[in-house]
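Have a look at the structure below before the remarks.
All chains are named by letter (A, B, ...) in the order of the sequence lines, taking the proteins before the strands, and each is independently numbered beginning at 1.
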Amino acid sequence: MYVAVKGGERAIDAAHDWLARERRGAPELAEIGNDQIAGQLKLATDRVMAEGSLYDRDLAALAIRQARGDLIEAIFLIRAYRTTLPRFGHSVPVETAAMACIRRISATFKDAPGGQILGPTFDYTHRLIDFALLAEGAVPPPRDPETMPHVTGFLGRDGLIEAADPDDTEPGDLTRTPLSLPADRALRLQALARADEGFILSLAYSTQRGYGRTHAFVGELRIGLVTVEMEIPELGLSIALGEVELTECETVNQFLGSKTEPAQFTRGYGLVLGQSERKAIAMSLVDRALRWKELGEDFTGAPAQDEEFVLSHCDNIQATGFLEHIKLPHYVDFQSELELIRRIRAEALKQGTADTTEPEDRA
Amino acid sequence: MTDEQKAERAAWMGLLARSQPSELARLMPALPPHDTIRAPEIGTTMIRGRAGATGAAFNLGEMTVTRCAVRLASGVEGHGYVQGRDKDHARNAALIDALMQGPEAVALRAAVLAPLQASATARARARAGEAAATKVEFFTMVRGE
């Protein structure tokens, strides 16, 4: 059985026309440009890049405009577009130690070599609506970029933190192979990097409140540009073909040691496309919570420790697709349920036992 | 090609890739006749990171890349791989790559590569200056002294 529809095409066309007019807003006002969105709503643009899992600021801005500011809809547009593109290759792992930082802070070392750079942060602002956004201030004199070594490196020299030795095993790729569990850390990090910021934030917060506590310090948080280098096999060359802005968070976590390992700190790691320190910090907390098995910790049943729960529910495009599909016609499904419940009720009424079990079920 | 020549070519290809498309377009010389081997094509590169910055590699997310290949009448091939979706940018990068392998290299280095390098350095220094202006120092204060 199926349900046909009449006049659907005309109705859909009319809906799309109306949508276009709504998107444009009042015609007497100037239309917003992609460059204005990318430049003045940069953090919204960066979120769409991060969760759309595609670094292209102009495209993210266009998606936000098309989606009328609905960021999840914009992320959907980016993900859909990405699937139409060929993949030319993959980069050499980015060198975040060589990042040209615009922000770099440590909550564990006040004297981190290279210094602490506040950058364009909301921290220390009063968080009051500013009804008269001031004109830009004077531009400071240019100077040469400084290199800033990772602060976890200092702990590493003394063996106070677990090693993170280079490993060039080909990492799994969620965009090529559907997620299978158990996932390794590489796959988890990919999933978390493109996961919904709100979901990851809440999970990270839950670990701080005791659901899978990991005692995290922000060893270092940095935002800046890194060079993206890719091997071009047909030329036998490796080219630094782009620069991307990334946010990186390294947490330093408590660890008591085991029979085979002396006590040392452990690591949580967050790396996100664009500027989003909330997401990067949250990602590093969730990454650390998910590492309980390899670090020999107990599974306390906390949601943030549950790999299947986290990885299966962190993607807002999957989530929104399944959630919103229930608004689509389910006439046939519902018709069968309706017939079933009518039949059950009719049989029960016939036997005169209609309500005898109901109160117990409620209790 | 020697390793040194390869490194030199990789350096100019990278500089062309990371340049502002409009700036490169402005600096382009008069073009000799050429064939297109591969028309500009938009695709992606998967950006990789490392767990804990130094550990196992993982896939972070993709970036858009446009590539193009051209051949000059002399038979020299030029390749452009540039960030973003600007097809003219990829073609211009491929053309300069081809010309840089010929007798025009010295002139092009001064007329195209040097200004692009200067702009890139200026952008990096401007950002570093902004960052340095927000640097803070922490002092440990001991109570009762």
Mind running side chain to side chain contact (heavy atoms under 4.5 Å, CB included) on B:T44 and A:F88 for me, showing each step along the way? CA-CA 6 Å; B:T44 71; A:F88 295 155; over 6 Å; no
Exceeds 12 heavy-atom contacts within 6.0 angstrom, atom CD of B:E4: no
Whatever's closer than 4.5 Å to a heavy atom in chain B on A:E234 counts as side chain
Residues A:R143 and B:E130 bridged, charged N to O under 4.0 Å: no
Could you have a look at A:A186, A:A193, A:A100, A:P166 and say which one has the most heavy-atom pairs with chain B under 4.5 angstrom? A:P166
Mind listing the closest non-hydrogen atom pair of A:I102 and B:R127 along with its distance? CG2-NH2, 3.3 Å
Would a 4.5 Å heavy-atom cut-off, applied to side chains only, mark A:L246 and B:L60 as touching? yes
Does A:K42 NZ have over 12 foreign heavy atoms under 6.0 Å away? yes
Side-chain donor/acceptor of B:N59 to backbone N/O of A:G172, under 3.5 Å: yes
Taking the side chain as C-beta and beyond, is there a heavy-atom pair between B:R9 and A:L235 under 4.5 Å? yes
Sort A:T175 into side chain, backbone, both or neither according to what part of it lies under 4.5 angstrom from a heavy atom of chain B. side chain
Side chain, backbone, both or neither of A:C249 within contact of chain B (heavy atoms, under 4.5 Å): neither
What residue in A:I239, A:T227, A:D111, A:T169 has the most heavy-atom pairs under 4.5 Å with chain B? A:I239
Top residue by heavy-atom pair count (under 4.5 Å) with chain A, among B:T121, B:T45, B:V65? B:T45
So what's closer than 4.5 Å to chain B heavy atoms on A:P145: side chain, backbone, both or neither? both
Side chain, backbone, both or neither: which part of A:L192 has a heavy atom under 4.5 Å from chain B? neither
For residues B:R85 and A:D58, report the shortest heavy-atom separation together with the two atoms involved. NH2-CB, 3.6 Å
Using non-hydrogen atoms only, which part of B:E77 is less than 4.5 Å away from chain A: side chain, backbone, both, or neither? neither
Counting neighbours of CZ on B:R125 that are heavy atoms of other residues, nucleotides or ligands and sit closer than 6.0 Å, is the number greater than 12? yes
Any heavy-atom pair between the side chains of B:R50 and A:T96 that's under 4.5 Å? no
Heavy-atom distance under 4.5 Å to chain B: side chain of A:E250, backbone, both or neither? side chain
Does the pair A:M230 and B:M63 meet the rule for a side chain to side chain contact (heavy atoms under 4.5 Å, CB included), with working shown? CA-CA 12 Å; A:M230 183 170 78; B:M63 63 184 250; over 6 Å; no
Minimum heavy-atom separation for B:A53 to A:E248, with atom names? CB-OE2, 3.4 Å
Side chain, backbone, both or neither of A:Q116 within contact of chain B (heavy atoms, under 4.5 Å): both
Nearest 0.5 angstrom please: B:T64 OG1 to A:D56 CG, how far? 3.5 Å
Considering all heavy atoms, the nearest B:E41-A:P86 contact: OE2-CG, 3.7 Å
Taking side chain as C-beta onward, heavy atoms only, is A:H90 less than 4.5 Å from B:I47? no
For chain A, which of B:A17, B:G55, B:A128, B:A131 has the most heavy-atom pairs under 4.5 Å? B:G55
Pairing of B:R48 and A:D168 as salt bridge, 4.0 angstrom limit: no
Nearest heavy-atom approach of A:A164 to B:A51 is CB-O, 4.1 Å
For A:R194, which atoms come within 4.5 Å of any heavy atom of chain B: side chain, backbone, both, or neither? neither
Under 4.5 Å from any heavy atom of chain B, what part of A:Y81 do you find: side chain, backbone, both or neither? side chain
What residue in A:L225, A:T152, A:V92, A:V272 has the most heavy-atom pairs under 4.5 Å with chain B? A:L225
Quick check for you: among B:A57, B:A10, B:G61, B:G14, which has the greatest number of heavy-atom pairs under 4.5 Å with chain A? B:A57
B:K135/A:E146 salt bridge by N-O under 4.0 Å criterion: yes
So which of A:L273, A:D173, A:V228 has the largest heavy-atom pair count under 4.5 angstrom toward chain B? A:D173
Which atoms form the tightest heavy-atom contact between B:F58 and A:P171, and what is the distance? CA-CB, 3.8 Å
So do B:T54 and A:D165 actually touch side chain to side chain, heavy atoms under 4.5 Å? no
Passes side chain to side chain contact (heavy atoms under 4.5 Å, CB included), B:V82 versus A:L241? Steps please. CA-CA 6 Å; B:V82 304; A:L241 54 76; over 6 Å; no
A:V226 versus chain B, the contacting section by heavy-atom distance below 4.5 Å: neither
Using side-chain heavy atoms (C-beta onward) and a distance below 4.5 Å, is A:I232 in contact with B:Y81? yes
Heavy atoms, side chains only, cut-off 4.5 Å: are B:Q83 and A:V244 in contact? yes
What residue, out of A:T84, A:L187, A:L237, has the most heavy-atom pairs lying under 4.5 Å from chain B? A:L237
Among A:G119, A:S53, A:A50, A:A191, the residue with the most heavy-atom pairs under 4.5 Å to chain B is A:S53
